[in-house]
Structure formats: C-alpha cells, structure tokens
**Student:** 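The structure under discussion is supplied below as structure tokens; questions concerning it will follow.
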Number of protein chains: 2
Amino acid sequence: MATPSAGRSRVNRGSEQVRERLIESAIAEFAAHGFEGSSGRRIAAEAGAHQSQINYHFSSKNDLWKASLERLLAELDSALASNLAAVDESDARARFSASVQGLVQFAARRPELNRIMMHEGAAPGDRLRWLVDNHMRGRHADLMSAWDALTASDDAAAVDRDVVYHSLVGAASLLYANAPEAVLLGIGPAGRDLVDRHAASVVAMFLKPLNH
Amino acid sequence: MATPSAGRSRVNRGSEQVRERLIESAIAEFAAHGFEGSSGRRIAAEAGAHQSQINYHFSSKNDLWKASLERLLAELDSALASNLAAVDESDARARFSASVQGLVQFAARRPELNRIMMHEGAAPGDRLRWLVDNHMRGRHADLMSAWDALTASDDAAAVDRDVVYHSLVGAASLLYANAPEAVLLGIGPAGRDLVDRHAASVVAMFLKPLNH
DNA sequence: TGTAAGTTTGATCAATTGATACTAGAACTT
DNA sequence: AAGTTCTAGTATCAATTGATCAAACTTACA
C-alpha cells in the first residue's frame, strides 16, 4: 500500500527494474526540460510504465527528482574516487589534476547532472536548497580546501578564490551540458581525445606550470 | 486586429509600455524556469497585464521568447561595443581582455541571458536552432578568429581550440547564471570588485602572462 | 463631435498536468 | 492450495496551460 521504502522485502524482482527505468528516464527528462518543464507521463512512457507508477514507487514527482539526483551524484562520487585511487595522497597537484580529469570525463559521459544543476541553480527554491544542503556544500568545501593547499604551495594559478568553484565547474562542464548547442556550432561530437585535451586545458587554467 | 508589427503607427503610447513590461517579465520568467516551465499568465501578472495581451502584442509564447532574447542580445552587443570602443584596434591582447571583461560584467549584471542559453542548450529543438542560426554562430566565429590571432602571436594560453568557447563562457558566466546556488554556498552577493577580480582571473586563464 | 483604428478585458476552448482511488492480478510465504 | 502482500493498470479529479473570440473601452484624427 504505502510507497516501498529503501529496504524492500519480498516481491521486488520486476519492481526494482521499473524503479530503475523510471529513474533513468527521469534523469533524461529533467536534464532536457528542467523539473517544471518535465512531465510525469512522458517519463513513465519512456520507461514503459504508467504515470501512476511514479507515485507508487516514489511518492511524488519531487521524490523521483531527488532519487534521480542521488543516483547521478553517487555515480559522480564513484567516478572521482576511482580516479583518485591510484594517486599519491601527498601530491596535491596530482590529486587536483586527477580530480579535474574525473570531473571533465564525468561531465562528458553523464551531462545530465550538470544540466540539472544549471536548471536548478538559476532560481531559488526548495530543490536548490535541498541540493546545496545535502550535496553541494561539502563538495564546495572540499574544493576550497584543496585550493587553499595549492595556494600555500604556490601551485595555484592567478585565479581569485571566490571565483574558483564556478569557473572550474563552468569551464569543465558547459561544453557537455550544452552539447546540443555545441553540435550545432560544429564542435564535437566529443571524442575521447577531445575530452582528454579538454581536461588538460582546464588543469592548465588553474595550475601554475611546474618548472617556473 | 492583427498583431501590431514593428512599425506601429497611431495609438501606441501606452501599448509600447505594455510590450516593454511583458518582455521584461518574460525575461525574468524564462531565465528562472525555462521556456516550458514558464507560464504566460504568470508573465502577464508580473507585468500587470492580462494573459491574452501576450497573444496580442506578440502572436505566441514563442514569439515573446524570441523578442526577449533579441532584447538581451542587443544589450550584450551594446555592452561589448562600448567596452571595445576605447581599445586599440591592433592590440589583440587588449581587445581580448576588454571583451572578456565585458562578458563577465554583463553576465553579472544580466544573468538572464546566460540562464536562458543554458536552459536551451541542454536539449535540441526549434528554439536552440533559432538561437544558434541567428545569433550564436557569428559570435562563436568571432571568438575563434580572435583566438587564432592570439595563438599566432603566441599570446594564447595552453587551451585547446575546440574547447575555448565553452570553457570561456562557462568560466565567465556560471557564477552569475547560478547565483542563487552561489548565495547558498556563501559566495557573494557579487560586489563590483568581485566582478573585476573574476574578469582578471578569466583573462589570466586564457592569456599567457606578458613577460614570459 | 463622430468615426475608425488600436487596445484591453473577460470568457471560453481543448489539452495536459500531478495526484488519488480503486480494481485486477502477480508473487511470495505459510 | 490458501492467504497475504506487492505491483500493474484504469479511471478520474481539480488545476493549469496556450490560444482564440467577441465585446468593451481608449485614443487619435477628420
């Protein structure tokens, strides 16, 4: 009767698949049209489900949106973690480079997260507050402390501290968040080597060259 | 009877003001919620007008959106032109710096344009195609030829050519396009000096230092 | 002032929205 | 096999959407 909670117990073989498909098509729809421009019926149809199943598996359009974002952010975390796994703990430059590379690669592979963030960041509201409180504040703090360390070791380029976060995210992700525009402009489609060149470019923007 | 065209003739004193107010509140609404998430009734109410006046002064929600974008792009052009007016024609570095400064200042003063561009760039469609065909292709080409000149004179930083446009726009505008998010993160509100530091940072990202 | 054009206002249209209620059926446990 | 729980499917709700129409009002010019 009630919405199945995180720990579903018994009959969940096919149900889990519907949940997955709903989240996947919700991610696509929210990224393309924003929350308010997205339709639950379109999301359900794309997932091969009925609109009322959204309210069954999630309790509302809002909760489906939250589930979609938690999925995307978990993917980002795992991508960043695997990119940082092999890097020397004490090498701040290498860790920064690996993080930027991970960010760019993820933005290219999963542009939906940056698209949704750009939709939501454009206006105040409950969803934005939820995003910042539950997910973005920590990421922002992590970047700032990494940046402060780079500044202390004279590895940071001439970029103002207040501006690092959004400049970095913007430089790393707009090409993919706005990929449909880039295609019309004749850029891409983004091959693997373009992404690598892009990551190297972003690193060069924020890190002083080594032998200086 | 028909929608009044650009050259209105007689009774147009108050009408022109309604048109202006509709465009102004449409800009705010489209920037905050995207085209599909925006409501004509909300736009009209904000402008102190009736919903049907949108279809009278513009013939459709789509045409109101186009008028809004032409307004914003005209403002951008005039801001950039005035920023470039006093700069030496032959000094490519100075012209690039002045353009970047103009871009950052405009993004801070009128974040709506970048917000709308980020909404529309996230998915293919008629509006995006109209934007690119009528306004963005030329701007992109202008930046690329400026960049090629900077590359030829060894003034361009180590940024891949395919990536310059979106990296520059992203680095220059995301902080303002997503200002509501930045506020929640404790950045800003953007003072005049922050904008100047931001512009200098972006210039430093894309231009090699002078005496190198 | 009278007439015609321009503009506002209010009503209405079919279509779509998110959510809810209810029935039918499938799957697991005992 | 019986009984229970979970899931799918259908129908429906009030609210909102963009657009259209016609009537009322306003302004300018003859």
Side-chain angles (χ1 to χ4, degrees), chain A residues 1-23 25-30 32-68 119 125-127, chain B residues 1-23 25-30 32-68 119 125-127:
Chain A
M1 171 190 161
T3 298
S5 54
R8 264 167 318 295
S9 46
R10 301 212 307 168
V11 184
N12 61 356
R13 214 179 48 209
S15 170
E16 204 65 47
Q17 295 177 12
V18 172
R19 243 187 92 96
E20 290 300 304
R21 291 203 311 271
L22 282 175
I23 288 182
S25 64
I27 286 174
E29 174 91 358
F30 288 141
H33 307 111
F35 179 83
E36 319 188 52
S38 292
S39 150
R41 281 175 173 85
R42 283 204 303 263
I43 291 173
E46 185 68 25
H50 287 78
Q51 181 250 347
S52 53
Q53 290 179 273
I54 288 178
N55 293 81
Y56 177 75
H57 288 281
F58 314 87
S59 69
S60 66
K61 188 187 179 188
N62 240 288
D63 283 13
L64 172 58
W65 180 89
K66 287 184 185 175
S68 303
H119 288 314
D126 291 343
R127 292 187 304 280
Chain B
M1 171 190 161
T3 299
S5 55
R8 264 168 316 294
S9 47
R10 299 212 309 168
V11 186
N12 60 356
R13 215 179 46 209
S15 171
E16 204 64 47
Q17 295 177 11
V18 172
R19 243 187 92 96
E20 290 300 305
R21 291 203 310 271
L22 281 175
I23 288 183
S25 64
I27 286 174
E29 175 91 359
F30 289 141
H33 307 110
F35 180 83
E36 319 187 54
S38 291
S39 150
R41 279 174 174 86
R42 282 204 304 264
I43 292 174
E46 185 68 26
H50 285 76
Q51 181 250 347
S52 51
Q53 288 178 277
I54 289 178
N55 293 81
Y56 178 75
H57 289 279
F58 315 87
S59 69
S60 66
K61 188 187 179 186
N62 241 288
D63 283 13
L64 172 58
W65 181 89
K66 287 184 185 176
S68 303
H119 288 314
D126 291 344
R127 292 187 304 280

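When reading the values below, keep in mind they use all heavy atoms of this one structure, side chains included, and skip hydrogens, waters and symmetry mates. Residue numbers begin at 1 in each chain, while the letters A, B, ... track the order of the sequences.
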**Student:** Report the distance from atom CG of B:N55 to atom P of C:dT9, rounded to the nearest whole Å.
**Tutor:**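 The answer, rounded to whole Å, is 15 Å.
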
**Student:** With heavy atoms under 4.0 Å as the rule, sort B:S52 into base, sugar-phosphate or nothing.
**Tutor:**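 Base contact.
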
**Student:** So if I take every side-chain heavy atom of B:V18 and compare against D:dT20, D:dG9, C:dT8, which nucleotide ends up nearest?
**Tutor:**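 Nearest nucleotide to the side chain: C:dT8.
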
**Student:** Counting side-chain heavy atoms from C-beta on, which of C:dG18, C:dA21, D:dA19 comes nearest to A:K61?
**Tutor:**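 Minimum distance to the A:K61 side chain belongs to C:dG18.
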
**Student:** Round to the nearest Å and state the distance from B:Q17 atom CD to D:dT26 atom C1'.
**Tutor:**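 It works out to 14 Å between those atoms.
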
**Student:** Once rounded to the nearest 0.5 Å, what's the spacing between atom CG of B:L22 and atom NE2 of B:H50?
**Tutor:**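 One gets 12.0 Å once the value is rounded to the nearest 0.5 Å.
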
**Student:** Count the heavy atoms of every other residue, nucleotide or ligand shown that sit under 6.0 Å from CD of B:E36, and state whether that count exceeds 12.
**Tutor:**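 Yes, because the 6.0 Å sphere around CD of B:E36 holds more than 12 heavy atoms from other groups.
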
**Student:** How many Å lie between CZ on B:R42 and C1' on D:dA15, as a whole number?
**Tutor:**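 Going from CZ in B:R42 over to C1' in D:dA15 covers 13 Å.
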
**Student:** From C:dG6, C:dG10, C:dG18, pick the nucleotide closest to the side chain of B:Y56?
**Tutor:**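 Out of C:dG6, C:dG10, C:dG18, the nucleotide with an atom closest to B:Y56's side chain is C:dG6.
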
**Student:** Please report the closest heavy-atom contact between B:I23 and B:S68, naming both atoms and the distance.
**Tutor:**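 The pair with the smallest heavy-atom distance is O-OG, 3.9 Å.
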
**Student:** When the distance from CZ of B:R19 to P of C:dT8 is rounded to whole Å, what number comes out?
**Tutor:**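 One finds 12 Å between P of C:dT8 and CZ of B:R19, rounded.
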
**Student:** Output the rounded distance in Å from CD1 (B:I43) to P (D:dT17).
**Tutor:**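 Going from B:I43 (CD1) to D:dT17 (P), I get 10 Å.
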
**Student:** Report the residue (A:G48 or B:R41) whose heavy-atom-nearest nucleotide on DNA chain D is the more 5′ of the two.
**Tutor:**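 Its nearest nucleotide lies further toward 5', so the answer is A:G48.
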
**Student:** Between B:W65 and B:F35, what is the ring plane arrangement, given parallel below 30°, perpendicular above 60°, and tilted in between?
**Tutor:**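 Geometry flag for B:F35 against B:W65: perpendicular rings.
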
**Student:** For the pair made of CD1 in A:I54 and P in C:dA19, what is the distance, rounded to whole Å?
**Tutor:**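 A:I54 atom CD1 is separated from C:dA19 atom P by 9 Å.
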
**Student:** Fit a plane to each ring of A:H119 and B:H119, take the angle between them on a 0 to 90° scale, and name the class: parallel (under 30°), tilted (30 to 60°) or perpendicular (over 60°).
**Tutor:**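 Aromatic pair A:H119/B:H119 classed parallel.
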
**Student:** Examine D:dA8: is either OP1 or OP2 under 4.0 Å from a nitrogen or oxygen in the side chain of A:H50? Give yes or no.
**Tutor:**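 Looking at the OP1 and OP2 atoms of D:dA8, neither is under 4.0 Å from any side-chain N or O of A:H50.
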
**Student:** I need the CD-P distance between B:Q53 and C:dG10, as an integer number of Å.
**Tutor:**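 Distance, rounded to whole Å: 10 Å.
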
**Student:** Is there a side-chain contact between B:Q51 and the phosphate of D:dG18, meaning an N or O under 4.0 Å from OP1 or OP2?
**Tutor:**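 For D:dG18, neither OP1 nor OP2 has a side-chain N or O of B:Q51 closer than 4.0 Å.
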
**Student:** According to a strict under-4.0 Å criterion, is A:S39 in side-chain N/O contact with OP1 or OP2 of C:dT17?
**Tutor:**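 Checking C:dT17 against A:S39, a side-chain N or O does come within under 4.0 Å of OP1 or OP2.
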
**Student:** Measure from CD on A:E16 to C1' on C:dA27 and round the result to the nearest Å.
**Tutor:**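 Value for this atom pair: 15 Å.
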
**Student:** Report yes if a side-chain nitrogen or oxygen of B:H57 is closer than 4.0 Å to either non-bridging phosphate oxygen (OP1 or OP2) of C:dT8; otherwise report no.
**Tutor:**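 Checking C:dT8 against B:H57, a side-chain N or O does come within under 4.0 Å of OP1 or OP2.
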
